[in-house]
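Below you'll find the structure, written out as structure tokens, and then a few comments.
Throughout, a chain's letter reflects where its sequence line sits, starting with A, and its residues are numbered from 1. Note that the coordinates shown come from a computational prediction; the quantities given were computed from them, not determined experimentally.
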Amino acid sequence: MISIRKLEKIFDSARGPVRAVDGIDLEVAEGEFMVLLGPSGCGKTTTLRCVAGLERPDGGSIEIDGELVDSADGGTYVPPERRDIGMVFQSYAVWPHLNVFQNVVLPLTEGQRRIPRSEVRDRAREALRLVRLDGLEERPVTDLSGGQQQRVALARAVVTRPKVLLMDEPLSNLDARLRDQMRDELRRIAESVNVTSLYVTHDQAEALSLGDRVCVMNEGEILQLATPKEVYSEPPNLFVARFVGEMNFLPAKVVDAGRVESGLGAIECAVPSGCAPGAAVTLGIRPEHIGMAPGESAAGLRGQVLRQTYLGDALHCQVQVGEVELTVTAVGDAEYVRGETVTVSLPEKGWHVFPEGQ
Amino acid sequence: MRLPSLNGQVSPLLPVALAPMALVAVFILVIVWVSFQSGTLGTVHSNYTLENYHDVLGDSAIYGVIWNTLWFAFSTVFFALIIGLPIAWLTERTTIPGKPAIYVIMTLGLLIPGIFVAMGWTFIAHPRIGFINRWLVDLFALDDGPVNIATPLGMGFVQGMNLAPLAFILTTQMFRAMNPMLEEAARTAGMSAAATLRRVTLPLAGPAILAAVIYIFIVGIATFDIPAVIGLGNRVYLFSTYLFTLTFPEDMEPRYGITGAVGVLMIVVALALTAWYGRVLQKGNRYQVITGKGYRPKMLDLGGWNWAAWAMIAVYALISKFVPIALVGFIAFAPYVAPPSLEMWEQLSLNNFYNVNWELVWRGMKHTLILMFVVPLAVMVCAFAISWLVVRTRSRGRYALEFGAFLPHTVPELLFAIGALLVALFVLKDYVPLYGTVWLIALVYLVTRLPFATRALNGALLQIHKELEEAAYVSGLTMLRASRRVLLPLLRPTLMSVWIWTALLVYREVTVAVFLATESNITLTAVVWSYWAAAGMTEASVVTTLMILFFSPLLLLFWIFGRRSALAEE
């Protein structure tokens, strides 16, 4: 549905040109929910804005539903109003001088994709029902809460029944509880209108819960393009590992294909084929993959609890093991006291090994 | 460097934005060009020469003029700040009651033309006909009037009071932006009140006050109306009035080359001051970044001093505006210029109204009305184009646009008037018959009113999130429709206030009108001037009185629609 090839976008800045997007390729299938995930300045929003036609690429091409909308070489550029898209902005961007109904109706009456007058009312009501705002048609949008404004923006984006729905951090201005609620709503709405979605966020929880696939970006490049499960369980490099979820890192040296030497002693793990014995690597293990039990035992390494952070559904402990400080997620109703001696077990399957220089 | 553009295409707004810049450049360059010319300008009988500069600098008159101008400009700055600064502090930092009323008084002060006040002050303190002098001479049997307003200091006093509202507005923003928490932080860090004032408050306020000083100084050295009304008749010349006598000499052919040379001197001074002003402003803006948001400044409780503060403001309003204007109104009905007295009171009549050439007044009125309609419209179109490109595009060319739109803020309108006059006379005369038309005046007004409108629109556009426009594009609206349905409705309050403010300033403008007016394009203010210059003081007073009467409903309109945003920007 969306096909991005060798996309490049360069911005002039005071310190010379900046390659915001550096030759990325991305295919989004029909009906797919694709999330672009990355820190600020990674090029995700620029990519989205190129698809919307709000930025003109400096290189590469973009196709939407088989139609070439951007081609830097061919000089093709279709302006945003003639692309079959809907978009939801970070600032909601609901028009403050219009009421809820007028906001949703404007694309139908004034846009390039306008429909016969007689159908406008029904179509707008349908969109408002979809986002559960029916009954608020005559309200000035400025009287609505942030969550409601975002629903207006969403209704406005889908009212023209676009092939593609673009969302630029739509939940980042909402407070935490509302954000979780809207996240589920978004997924429901995107599925019910069967639209192809491209969604930009810097929040990994949003990315993992919403996306059919997640595209992790940094410095204008794609680092990983995979399902949420793969992104979480098989980060291909340190950056993705650091950015998605929590992970403990420690330096190590390769001994052979199944063993490394680290501050925790010799560790059994799968070493990638490219790493020769003696090579420096970084080991990673997620806090929830580390086992922890009170008291000393032969089942693992001896550790001492330094600090703990109680989060309600989990307990994060800082544990000193030898020279290394590890973060461990304790499950269940486990309770520890500071200074308590514990046994830490590090399963072989939990380890990630990242070659140096990545 | 790429041109300001959206998505790589050159914006259709660019030519609209560049047109007034081209006018600025042409008006300035033509003065430079003429300053190096002698002979019959614009024909083959002219040639390049340095003679004009030689003549100007060789004539001792110019040094007297420079001396007078400096005296005048410094006293203007002094009086403007000594009045404007305390009132600004009172309104922003104390609990003085009736703050809206203070804003009304100060805004009105900006709008009442200096020429009217200057006429009033001539009646009050002219060495010969001034009432104060007449009373003093009668009372103490003196030979001459002791008070003389027709000196650089006297005129600076009048202009200083006239520009006090400007000082007020320039410095209120500073007092508003200055975060009292910065001062409180100094106190909690153990600094004494005196040390806080010396090390924190003054360094922070410094750039804003210095900027106000420079700006008022620039306005001061180019002031025409007050020195013309008070000084010309007494042969006290400033830069502006000297230029006027050079350009419109009474007894010989004008030597425009000399006008050009004096104009160039003034351009150099203005540009140098502009550069300094820009640097100071930048420094001030850097300080503003540190101010926090959403604070509520602690107001000083004046207590029993409230009445004293208000007494000072009332005295200022009375002396600077009310008394001079009331005297002009009085003279409009008096048989001749004489101090108000019981005896005079009985002689008041409408006789002066029969002496006025009404055909001329109607003509002036017609031209003024045309200008009040056309100029704000043109200003808004150009300012919108400039602001949109400056705020919404990322090209570095936008800085050039911003600078170009800022330039007329500090380059005196007098120079643009002279530039326009020379362009019309010697450059366009065979192609476009602009000379003697109201359109020539309109072009200069467009240029001079642009900075305010651009800044007001910049501010408004910055408030309107870019995504509101983008949401319209992705909703399928073309740029034209998006502007009509989204941008313009959101900008409407600002556009309204800019419109009215511009129209009011066009109504009261006198310098450009006097330099460019002929029989066929005379404006109302130029009518007042032409009566005054021809010693028709009573007739000038009649027309002035009428102008003030017409003014009142306009002020009401301004008050209803535009005051907030205009005050915030000017």
Side-chain angles (χ1 to χ4, degrees), chain A residues 9-14 17 48-58 70 72 75 77-98 102-115 141 152-153 156-160 162 164-166 168, chain B residues 1-13 282 285-286 289 388-402 460-496 565:
Chain A
K9 179 71 193 176
I10 299 160
F11 288 121
D12 288 330
S13 79
L48 188 83
R49 289 170 60 83
C50 283
V51 176
L54 295 169
E55 303 286 351
R56 204 171 167 169
D58 292 307
D70 275 300
Y77 167 70
V78 177
E81 66 266 22
R82 289 215 295 275
R83 300 187 180 200
D84 198 0
I85 53 172
M87 185 161 172
V88 181
F89 293 85
Q90 186 174 9
S91 68
Y92 320 144
V94 291
W95 298 307
H97 59 302
L98 303 177
Q102 288 165 331
N103 258 282
V104 178
V105 153
L106 199 65
L108 298 176
T109 56
E110 299 270 334
Q112 295 286 305
R113 283 164 279 149
R114 71 191 76 143
I115 60 170
V141 282
V152 175
R156 182 180 65 188
V158 297
V159 75
T160 54
V164 168
L165 180 59
L166 306 171
D168 184 9
Chain B
M1 187 177 79
R2 285 192 288 177
L3 289 169
S5 63
L6 182 76
N7 298 321
Q9 292 157 319
V10 172
S11 168
L13 291 174
Q282 234 170 22
N285 287 341
R286 206 171 62 227
V289 179
W388 198 89
L389 292 170
V390 166
V391 175
R392 288 287 194 258
T393 61
R394 277 187 298 244
S395 153
R396 260 170 281 164
R398 71 181 196 270
Y399 298 120
L401 275 181
E402 204 171 11
L461 269 178
L462 280 171
Q463 296 283 313
I464 298 171
H465 202 295
K466 185 176 72 163
E467 289 183 349
L468 288 173
E469 276 173 80
E470 292 177 346
Y473 302 146
V474 295
S475 293
L477 273 71
T478 57
M479 204 180 272
L480 212 62
R481 276 174 188 272
S483 300
R484 217 188 60 217
R485 296 303 306 267
V486 175
L487 199 53
L488 289 182
L490 292 173
L491 280 177
R492 190 173 296 138
T494 309
L495 291 175
M496 283 293 273
S565 130

Closest-packed option against chain B by number of heavy-atom pairs under 4.5 Å, given T160(A), I85(A), L106(A):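 Among T160(A), I85(A), L106(A), the one with the most close pairs to chain B is L106(A).
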Which of Q112(A), E110(A), M87(A) touches chain B most, by non-hydrogen pairs under 4.5 Å: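 Max contact count across the listed options: E110(A).
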Just so I understand: if I count every heavy-atom pair under 4.5 Å between each of R492(B), H465(B), R485(B) and chain A, which residue has the most? R485(B)
For each of S475(B), A482(B), P489(B), tally heavy-atom pairs with chain A at distances under 4.5 Å, and name the one with the top tally.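 Greatest number of close heavy-atom pairs with chain A: S475(B).
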Could I get the full list of side-chain hydrogen bond (donor to acceptor under 3.5 Å, both in side chains) partners for R83(A), not counting sequence neighbours?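 side-chain hydrogen bond (donor to acceptor under 3.5 Å, both in side chains) check on R83(A) returns D70(A).
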Exam field: side chain E467(B) to backbone F89(A), donor-acceptor pair closer than 3.5 Å: no
Side chain, backbone, both or neither: which part of V159(A) has an atom under 4.5 Å from a heavy atom of chain B? neither
Can you tell me which portion of D84(A) sits under 4.5 Å from chain B's heavy atoms? Options are side chain, backbone, both or neither.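 No part of D84(A) comes within 4.5 Å of chain B.
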Can you confirm whether R82(A) is buried at CZ, in the sense that more than 12 heavy atoms of other residues, nucleotides or ligands lie under 6.0 Å from that atom? no
Ring-face cation contact, W95(A) with R156(A), 6.0 Å cut, 45° max: yes
Can E81(A) and R481(B) be counted as an ion pair, charged N to O under 4.0 angstrom? no
